[in-house]
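Here's the structure we're looking at; comments come further down.
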Amino acid sequence: MFSESKTLIFFFFLIVIAAMETQLSNGPSCTSSNGPNSVSNNCTSPVEMPNGTEDSKTNLIVNYLPQNMTQEELKSLFGSIGEIESCKLVRDKITGQSLGYGFVNYVEPKDADKAINTLNGLRLQTKTIKVSFARPSSASIRDANLYVSGLPKTMTQKELEQLFSQYGRIITSRILVDQVTGVSRGVGFIRFDRRVEAEEAIKGLNGQKPPGATEPITVKFANNPSQKSSQALLSHLYQSPNRRYPGPLAQQAQRFRLDNLLNMAYGVKRFSPMTIDGVTSLAGINLPGHAGTGWCIFVYNLAPDADENILWQMFGPFGAVTNVKVIRDFNTNKCKGFGFVTMTNYDEAAVAIASLNGYRLGDRVLQVSFKTNKTHKA
DNA sequence: TATTATT
């Protein structure tokens with residue numbers, strides 16, 4: 001069809017333009033060697049510089065965010081620590097899909113410290129988020145990610161880092177493992193602080209045998225995630241319209257993912273929650289806890305010193321949490337013993353309630369339920 | 001032979 005061809009050409013140009021933007025958009029040209037390293041998130045007490053190239057003490061980068069997490073949820077999570085100056089979830093220019101990371105800039109440096117101390121390592125759904133200081137934006141730190149293959153199966157992450165660290169500062173390293181056996185797949189990633197370091201590592205290590213290895217390794221720049229989403233868009237265009245809606249298999253896969261997630265998070269055997277299909281949930285106008293923006297959950301018997309973070313920690317692993325709130329006494333600022341959690345999906349909320357109702361938190365046993373419209377009476 | 005770290 002002629003119109004289909006025109007549509008394809010249109011999207012092709014969109015992709016080309018986006019690719020050109022990626023190549024041309026250079027940030028301010030400044031370099032710094034004080035970025036966070038791959039192991040800890042230590043602040044190196046930066047000195048104030050008049051030219052604005054010093055490391056920020058308020059700006060954080062947040063990595064390994066769940067795919068479905070929105071900017072509002074990111075702000076809600078980090079806003080529980082302190083006042084936020086700005087917050088941005090980075091999305092693909094073409095598809096709008098989250099790239100799984102974002103930035104949070106606090107007003108006060110102490111809140112940035114606090115966010116690293118309390119939120120780094122927080123488990124949200126299938127991810128463990130990483131919170132660290134953002135390095136000053138610079139063209140020189142972009143495209144510094146390497147893909148390494150042909151590694152000896154016995155090589156550890158530490159040994160991989162030792163091999164590459166001679167070429168520069170390593171920001172992250174990873175060896176991919178078989179999900180069932182846990183054994184190395186012989187491939188991995190190394191992200192350097194600067195692109196020039198990655199270039200030197202390719203020159204020095206591509207085609208070389210690591211000490212003791214029998215086979216040479218391949219080292220090259222990793223594919224860009226935006227390329228993947230462009231491919232996804234293209235393949236989507238070729239997909240027939242009757243395949244766009246998730247069938248039973250996709251639903252089953254989703255359920256499987258939920259079960260896995262729960263086992264990973266708490267090792268609990270979950271109840272079989274009632275599944276609400278589209279029709280039922282539309283019909284049930286007075287369903288408990290449903291507030292239009294999500295499912296509101298009532299959490300009772302919290303300690304006086306409870307804060308929002310404990311609610312994120314408890315409910316985050318069960319699925320998409322959009323908001324948490326601890327109800328406090330106006331004068332003392334102590335928790336009045338209860339709080340609320342809003343979750344997007346009924347299934348995930350139901351499993352969270354089934355798993356956390358009766359949960360022992362310190363010396364208290366929590367009561368967790370969907371929020372009712374009635375006034376709570378003892 | 002492929003995860004998502006620079007607005």
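Numbered from 1 within each chain, the chains take letters A, B, ... in sequence-line order.
Residue-to-nucleotide contacts include no donor-acceptor pair under 3.5 Å from the side chain of A/Asn145 to the base of B/dT6. For B/dT3, its base never sits under 3.5 Å from the side chain of A/Arg174 at any donor and acceptor pair.
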Practice prompt. Just do the salt bridge (Lys or Arg N to Asp or Glu O under 4.0 Å) check on A/Asp113 and A/Lys57 with the steps written out, would you?
Written response: CA-CA 8 Å; A/Asp113 282 327; A/Lys57 288 176 279 191; over 6 Å; no

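Between A/Tyr147 and A/Phe189, a ring centre-to-centre spacing shorter than 6.0 Å is recorded.
Note: CD1 (A/Ile171) to P (B/dT4) measures 17 Å, nearest angstrom.
Judged purely by atom type and a 3.5 angstrom limit, A/Asp111 has no side-chain atom pairing as donor or acceptor with the backbone of A/Gly82. Looking only at distances, a side-chain donor or acceptor of A/Glu159 sits under 3.5 Å from a matching main-chain atom of A/Thr156.
Among the heavy atoms of the strands, none lies under 4.0 Å from A/Asn105. If you check every strand for non-hydrogen atoms under 4.0 Å, A/Leu65 touches nothing. In this structure, A/Phe189 reaches the bases: a heavy-atom distance under 4.0 Å links it to at least one base atom across the strands shown.
Here A/Phe103 does not count as stacked on B/dT6, because the ring centres are not under 5.5 angstrom apart with planes under 30°. With centres under 5.5 Å and a plane angle under 30°, the ring of A/Tyr147 is stacked against the base of B/dA2.
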